[in-house]
*Asks:* 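The following block contains the structure, expressed as structure tokens.
Every chain is numbered from 1 and lettered A, B, ... according to where its sequence line falls, protein lines coming before strand lines.
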Amino acid sequence: MIEPKWQRIWEKTGLFRAFNPGQEIPPDHPFARRHGLSGRVEAARLPRKYYILDMFPYPSGAGLHVGHPEGYTATDILARYRRARGFHVLHPMGWDAFGLPAEQYALKTRQHPRITTERNIATFRRQIKSLGFSYDWTREVDTTDPGYFRWTQWIFLQIYNAWFNPQTGKAEPIETLPYPPDLRPSADANFDPELEARRRAWRDAHRLAYVAEAPVWWCPALGTVLANEEVVNGRSEIGGHPVVRRPMRQWMLRITAYAERLLKDLDLIDWSPSLKEMQRNWIGRSEGAEVIFPVDDPSLGPEERRLRIFTTRPDTLFGATYMVLAPEHPLLPRITRPEYRARVEAYQAEVQRKSDLERTELAREKTGVFTGAYAINPANGRRIPIWTADYVLMSYGTGAIMAVPAHDTRDLDFAERFGLPIVQVVQPPDGSVPWRGFVGDGIAVNSRNDDLCLDGLSTPMAKQRVIEWLEATGHGRRTVQYKLRDWLFSRQRYWGEPFPIIWRQDARGEWYHEAVPESDLPILPPDLDDYKPTPDGQPPLARATHWVELPDGSRRETNTMPQWAGSCWYYLRYLDPNNAQRFVDPVAERYWMGTDPAEGRTAGVDLYVGGAEHAVLHLLYARFWHKVLYDLGHVSTPEPFHKLVNQGLILGEDGQKMSKSRGNVVNPDEILAQYGADAFRLYEMFMGPLQDTKPWSTKGVEGVYRFLGRVWRLFVDEAAEVEWEQSLALTPTVQQESMLEQIRIHPTIRDVQPAPNQNKALHACIKKVTEDLEGFRFNTAISAMMIFVNQAMDWEIRPAQTLRTFLQLLAPFAPHLAEELWHLWYRSFAPQVQPVPCLTYEPWPDWDENLLMEHTVEIVVQVNGRVRDVIRVPRDADPTALEKAALAAEKVQPFLAGKTVRKVIVVPGKVVNIAVG
RNA sequence: GCGCGCGUGGCGGAAUCGGUAGACGCGCCAGACUUAGGAUCUGGUUCCGCAAGGAGUGGAGGUUCGAGUCCUCCCGCGCGCACCA
């Protein structure tokens, strides 16, 4: 009854609205009153902003589970706290609503995914609203709304129309792309379609969004390709269907160009070390060298003879006793000797047949075949055999390696299996460690030729030396490799953003792609009555021939964007969600994403909270898009999310992961119906540290529910309440809410000066709650409030001001109850104050350290480090007096008897330790 | 295999700077009120012991007057990556 009442009042007054610079602020809005603002206020006069963001949910048909509100509650508490602290808080919510489940449902029912999506959003919105979160609902976004994805498409065009300039290390408009001499149009020449086509090919090869015929993960069951990241152990991450590798024409985004900046800029942001580490691992930077091994076969052309490999251990070059090419390596057919061709081709076929699961099986024995060819080790001139084996991956480095079996476990396995030579070139620093298979740093040995000697050098020095030699002799150079691959950006789905791209035929009949004009955005998906891919494997959009085929003979792109697209920039749309002219107004963007230099922080979202499952993909993709937008001048900060916190998983009561099949799923609606939103919120925070994985306990909800009951009884006259409840039972439901006005305050609450112990209890609570909120320690903040209430219940007279302040502390956690009691308080102690000050915008209380000081303090007296007694001494007792008092303490006497005091350590205010012997 | 994190009562967890281990809550035990209690309130609750006292933060060492906290090794659990040359 209390909760819907306040949710309605908050909504009606637009209490949690955030105002953009220049936006009209109603003069009677509590935010305007608190900060003395009215009318249109420019950015400089607005209070300091605080942008607090939740990862927006995918609105699934199953509705909210208890894991969602954990993060949302944490951010809501902090949003309310920041408002009380005087910040201008932006706290929005929206829907990541494109995605496969709605589409698969549509496949079954032939119902437009829009319909399920809208229904699911309505459920999520209702559930989230019932928890009393302080979102600014006027900023709600939905990635499937044409007014939203119009700008997703627009951003794609920005990426499409840009190239990465390695000189500046930035994205630049494609118009600035330089052309090689033979592609520069000469001033006098006429239009040359041949040249134009080649120029176009050059451009298209440099765009940040490009088309490539790439081997991709195709999932027959889902009828779509998946990104590398969406494939787990040879199965689709969603649904666990088998996937196969197959070459297809796909849109790619050149995220690899940003590898270095994505890595380096991690230093600018405040994320947990483990999360940064995951991003670093994913980007996978490794320094090393590219080395060219000549193939010993005069029949090959000069380029074909140059076998490039990447190694992080160039210092082991002298130990390279054979080479391995990936089975897909383009040079493999060229270098294979005729007499080995049959075997190599058989092996290639075998590898292709293998599922990825088999291929990545770690324990499996290595396979491979000899090609009959030899290369020359440039360091020592030795002829070494060239093999092909699937333990070398085409997708990393150059797809070829030099094998140093003595100092690489994989090469060692292989060499032992096939009887290849093993030559030591590194001496382990610890003599007792065998050199065979030693992969750590050591001292180079057996590594010299006529003009290079590594012997005696430590591994880092040897690397340095050998690279210098490679560069001087033209055998290779220093390089950096990344594990990160370009982002496979197209999907063969219906329920996603269509690409704003059309395909045209040039004079020679070749198809090429072109951006649609911005004025044509949004490109809406066509209506279909069948959402399946076409029988010949075309995406579902290809079914809509009237949509695909344009009057001028051009054709629309029929792929759609992956679900990540909409979530890559939603945090920007919240800043200005209804802008039809731009994806975000630059003034609003600078205000909400920027920060004043005094704060000395990197700008961006101040706090972003969400699950760790997005630690790599979403966060990496969003950072990438943000950097492109930054380079092109559309946003003002290099990084989108300044501080990021991952909430932990909530397990079922049995300590297992919640799942339908285990039957341990907790439905928030049920908890809410029984204990209410305040108890639910409080329990979610009381369970344990936000970041930890922890099991749900409905008994635990009862615990915090009892606490809220004690808070109620702290304020409310119980004797009168019995009567009130009786008359409530006789009142029609519709009028019951107004009966709340007749609740009477507890008679022991008086407007009197608090006693020292009462002040101390309150101020200790203010201090603890404030500090814990700053440190995201919600569980201990709640515990501090419990301690306060337990104490206050014992007071014969409860000072009104003390309890009023306590309500402010409680408000972020249990806002409904706090509001109700706040109004009860004002009715009882300040009925003349009208309107009642707004609890949300009431300044957060400070604590007075002086009130926490005790005149006497407890000092622990230890003997040989063991606690023997506790003495009370004046707070400012000097060390000598302390020592004297400690030695005289009653309970320590038996432990001193007959022993010599050797040393006394005095820690003022804390402890005295007497060492005896 | 590699990387990161974590091991504290019957349970969730506290101990923020190396200074009284177990705050707060759940559960349990005893009591009060009550026709009743799955409401509320009071007291107790790490283990051994009647007590004095002893033991105790995964295990073994170490540093220190003093270690849950710092260091070394080991064991266990969780997460991430996984033939990335």
*Asks:* Distances under 3.5 Å only, N/O to N/O: pair up the protein atoms with those of nucleotides 39-41 of chain B.
*Replies:*
unit_1: B:U40; atom_1: O3'; unit_2: A:R713; atom_2: NH2; d: 3.1
unit_1: B:C41; atom_1: OP1; unit_2: A:R713; atom_2: NH2; d: 3.0

*Asks:* A:D408: which residues meet the salt bridge (Lys or Arg N to Asp or Glu O under 4.0 Å) condition with it, sequence neighbours left out?
*Replies:* A:R410

*Asks:* Quick check on B:G43: syn or anti? Syn means the glycosidic torsion is within 90 degrees of zero.
*Replies:* anti

*Asks:* List for me each residue that meets salt bridge (Lys or Arg N to Asp or Glu O under 4.0 Å) alongside A:D441, sequence neighbours excluded, and say none if there are none.
*Replies:* none

*Asks:* Got a sec, which residues hit salt bridge (Lys or Arg N to Asp or Glu O under 4.0 Å) with A:R285, two or more places apart in sequence or on another chain?
*Replies:* A:E260, A:E287

*Asks:* For RNA chain B, please output the secondary structure as dot-bracket, reading 5' to 3'. Pairs are Watson-Crick or G-U wobble, both atom distances under 3.5 Å; mark crossing pairs with [ ], other-strand partners with |, unpaired with a dot.
*Replies:* (((((((..(((......[....)))((((((.......))))))(((....)))..(((((..]....))))))))))))....

*Asks:* Can you list the residues that meet the ring-ring contact (aromatic ring centres under 6.0 Å, His included) rule with A:Y705, with sequence neighbours excluded?
*Replies:* A:Y675

*Asks:* Just jot down the salt bridge (Lys or Arg N to Asp or Glu O under 4.0 Å) partners of A:K483, sequence neighbours excluded, or say none.
*Replies:* none

*Asks:* Suppose you measure atom P in B:G10 against the same atom in B:C28; what distance do you get, rounded to whole Å?
*Replies:* 16 Å

*Asks:* For A:K483, which contact category applies under a 4.0 Å heavy-atom criterion: base, sugar-phosphate, or nothing?
*Replies:* base

*Asks:* Heavy atoms only, 4.0 Å cut-off, all strands: where does A:T409 land among base, sugar-phosphate and nothing?
*Replies:* nothing

*Asks:* Can you tell me which residue pairs pass the side chain to side chain donor-acceptor pair (under 3.5 Å) test with a partner in residues 609-620 of chain A, sequence neighbours excluded?
*Replies:* A:Y608-A:H618

*Asks:* Heavy atoms only, 4.0 Å cut-off, all strands: where does A:P689 land among base, sugar-phosphate and nothing?
*Replies:* sugar-phosphate

*Asks:* For residues 770-791 of chain A, which residue pairs qualify under ring-ring contact (aromatic ring centres under 6.0 Å, His included), counting only residues two or more places apart or in two chains?
*Replies:* A:F788-A:W795, A:F788-A:F806

*Asks:* Taking the same atom, P, in B:C70 and in B:C6, what whole-Å distance lies between them?
*Replies:* 9 Å

*Asks:* Looking at A:K366 and B:C83, is any side-chain donor or acceptor paired with a base atom of the opposite kind under 3.5 Å?
*Replies:* yes

*Asks:* Polar atom pairs between nucleotides 18-22 of chain B and protein, under 3.5 Å, N or O only, would you list them?
*Replies:*
unit_1: B:G19; atom_1: N2; unit_2: A:Q862; atom_2: OE1; d: 3.3
unit_1: B:U20; atom_1: O4; unit_2: A:E858; atom_2: OE1; d: 2.5

*Asks:* Produce the list of close N/O pairs, under 3.5 Å, pairing protein atoms with atoms of nucleotides 43-48 of chain B; give distances to one decimal.
*Replies:*
none

*Asks:* Using a cut-off of strictly less than 4.0 Å between a heavy atom of the residue and any atom of RNA chain B, enumerate the qualifying residues of residues 643-650 of chain A by number.
*Replies:* none

